[in-house]
Asker: 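Dropping a structure here in structure tokens format, bear with me for questions.
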Amino acid sequence: MRRLPSGAALLAIVVSLVLMSAPAQAQDGPEPEAPSERERVAAGFVDVVQVSGLIDPVLVAFVTDAIERAEADGSRGLVLQLNSHGAVVGDDELADLARAMVEADVPVSVWVGPTGSDARGAAAELVAVAGSSGMAPGTRLGAMGEQRLPIDEFGVLFGEAHDRLAEDVVDEDEAMELGAITVAPPEDEGSVRGDATIGDFLANLDEVVTRVDRSGDQPRTQLVTVTRFSRLPLLDQLMHTVASPAVAYLLFVVGMGLIIFELYTAGVGIAGVVGAASFLLGCYGLAALPTEWFGIALLVVAMIAFAIDVQTGVPYVWTWIGFVAFAGGTVTLYDGVSMSWVTVVAAWIGVLLTFTVGMPAMVRTRFSTPTIGREWMIGELGEASTDVDPDGVVLVRGAPWKARTNRATPIARGDRVRVVSLEALLLEVEPEEGGAEDYREKYRKGDDESAAIAGDDVDPPAG
């Protein structure tokens, strides 16, 4: 009988397999040697600050504080990782930021990245005043328009390439050809193009210490200087996001819509609280952006017009007046900045559906839900809140109802009316004075007559 291997034999087989696989693993080469702690301490650190979105007061304060912090902490340099389509701050604030970059005790550089990022408008001017600058593949620079930084202090930005970059945008290769960016050329063995990634850009800055790793098949450049990344704090990031054109517009509109919704619901609920918060944040965002007063006024007028028809429960002429005002306010809201057509179309469709379908249905449901039937309304007295000629709105027990007169004679606003009949959610009414017999009396007499007739049909009891 064949014997199975013993435990020692099995252990020997496993060890042999491990030893046989060791040479194959060694073919990949030794692990790269990391810089020692002493080398890193001696090499210091650099700061990388993420600057994304329109340059507003929040970002200006953040970058200025980052420069002061880098100076106080002894940083070897500061890099702005830039992705911006312009600035919404005034010329003086923009000049103060550029001046802080130029006069800083630490070198301030700008890298436009990552791939897909842009530096347009006033953001491109910050690239021009930086000590060193680079662009990741797939990024764009330009569309400055008229130079906002003082020419007598900062000169004509980008030199001979100024006119081209003022009118057009260029990619990273053309920007390099025009001399618009300053990328350190590879000097050491293993260096790569200086702007492909943030690490490559840092590796080619004079203030950053690097070394070449030759442990692999090809030499590679390693950063010895430590990189310290920072971005906007949470609260500042929220306020910066609110100050973007699309977000500020949507918050302003949604806030007013929710407040209108809350006006036609009982008590103060979640919609009212959220609406008030959205409205206030939207107001902050619009205040930080370049807006036109008549654009804001048209949006407010639109919401007032919507509210007039919401109380009737039926979309009417004021709804369409409101939508025209809303569309006009949307396209004239901003001066110098724009929103994507997706945002605009989505807002138009949402508002149209809300005030022609959603809110009218909500109001009709709220004011037409009885406890036990609605027959009690027949013969009820009310007041015309609009002219009823032949259609209008009446108030019955404080609730607005769509109404129609049952006579050719129109009913003037403020006149007393009597409910004649109810058809779905439409009341048929007539003037209180000169109208037909009170319907409650008619029903009471009808009931009495029916009882009398029924009594005549019953034989008297045998006496």
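The basis for the numbers below is simple: all heavy atoms, side chains too, and nothing from hydrogens, waters or symmetry mates.
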Asker: So do Leu232 and Leu59 actually touch side chain to side chain, heavy atoms under 4.5 Å?
Answerer: yes

Asker: Can you tell me if Thr225 uses its side chain to pair, donor with acceptor, with the backbone of Val209 under 3.5 Å?
Answerer: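 At least one qualifying donor-acceptor pair exists.
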
Asker: Do the side chain of Tyr334 and the main chain of Pro245 share a donor and acceptor less than 3.5 angstrom apart?
Answerer: yes

Asker: Over 60° means perpendicular and under 30° means parallel, so classify the ring planes of Phe326 and Phe306, tilted if in between.
Answerer: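 Correct class here is tilted.
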
Asker: Would a distance-only check, ignoring hydrogens and angles, find a side-chain to backbone donor-acceptor pair under 3.5 Å from Asp387 to Ala412?
Answerer: no

Asker: Which heavy-atom pair separates Gly74 from Phe45 by the least distance, and what is that distance?
Answerer: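 Closest approach of Gly74 to Phe45, heavy atoms only: C-CZ, 4.2 Å.
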
Asker: Without swapping roles, check the side chain of Glu125 against the backbone of Arg148 for a donor-acceptor pair under 3.5 Å.
Answerer: yes

Asker: Just by distance, do the side chain of Gln147 and the backbone of Leu157 share a donor-acceptor pair under 3.5 Å?
Answerer: yes

Asker: Under 4.5 Å between any side-chain heavy atoms of Met101 and Leu80, yes or no?
Answerer: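 When only atoms from C-beta onward are counted, Leu80 and Met101 do touch, with a gap below 4.5 Å.
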
Asker: Can you give me the closest heavy-atom contact between Val58 and Asp236, atom names plus distance?
Answerer: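 So the two residues come closest at CG1-O, 3.6 Å.
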
Asker: Where the side chain of Ser117 meets the backbone of Thr139, is there a donor-acceptor pair that is under 3.5 Å apart?
Answerer: no

Asker: Kindly check if the number of other-residue, nucleotide or ligand heavy atoms within 6.0 Å of CD (Glu167) is above 12?
Answerer: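 Counting neighbours around CD of Glu167, 12 or fewer heavy atoms of other residues, nucleotides or ligands fall under 6.0 Å, so no.
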
Asker: Closest heavy-atom contact between Ser132 and Leu205?
Answerer: CB-CD2, 3.8 Å

Asker: Could you check whether any side-chain N or O of His240 sits under 3.5 Å from a backbone N or O of Ser52, counting only pairs where one atom can act as donor and the other as acceptor?
Answerer: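 Yes; judged by distance alone, with no hydrogens or angles, the pair exists.
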
Asker: For Arg231, does the CZ atom sit with more than 12 other heavy atoms under 6.0 Å from it, leaving out its own atoms?
Answerer: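 No, CZ of Arg231 has 12 or fewer neighbouring heavy atoms, counting only those of other groups under 6.0 Å.
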
Asker: Has the side chain of Glu172 got a donor or acceptor atom that lies under 3.5 Å from a matching backbone atom of Gly138?
Answerer: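 Answer holds: yes.
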
Asker: For the residue pair Thr319 and Thr356, what are the closest heavy atoms and their distance?
Answerer: CG2-CG2, 3.7 Å

Asker: Given 3.5 Å as the limit, does a donor-acceptor pair link the side chain of Ser133 with the main chain of Thr182, or not?
Answerer: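 At least one qualifying donor-acceptor pair exists.
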
Asker: Take atom CZ of Arg404 as the centre, draw a 6.0 Å sphere, and report whether it contains more than 12 heavy atoms from other residues, nucleotides or ligands.
Answerer: no

Asker: Of all heavy-atom pairs between Val127 and Ala180, which one has the smallest distance, and what is that distance?
Answerer: CG1-O, 4.5 Å

Asker: Could you check if a side-chain atom of Leu94 sits within less than 4.5 angstrom of a side-chain atom of Leu149, using non-hydrogen atoms only?
Answerer: yes

Asker: Donor-acceptor pair, Arg413 side chain versus Ser385 backbone, under 3.5 Å?
Answerer: yes

Asker: Might you work through the salt bridge (charged side-chain N to carboxylate O under 4.0 Å, His left out) test for Arg69 and Asp47, ending with a clear yes or no?
Answerer: CA-CA 10 Å; Arg69 185 171 60 253; Asp47 288 294; 5.7 Å; no

Asker: Looking at every heavy atom in both Arg418 and Pro431, which two are closest together, and how far apart are they?
Answerer: NH1-O, 4.2 Å

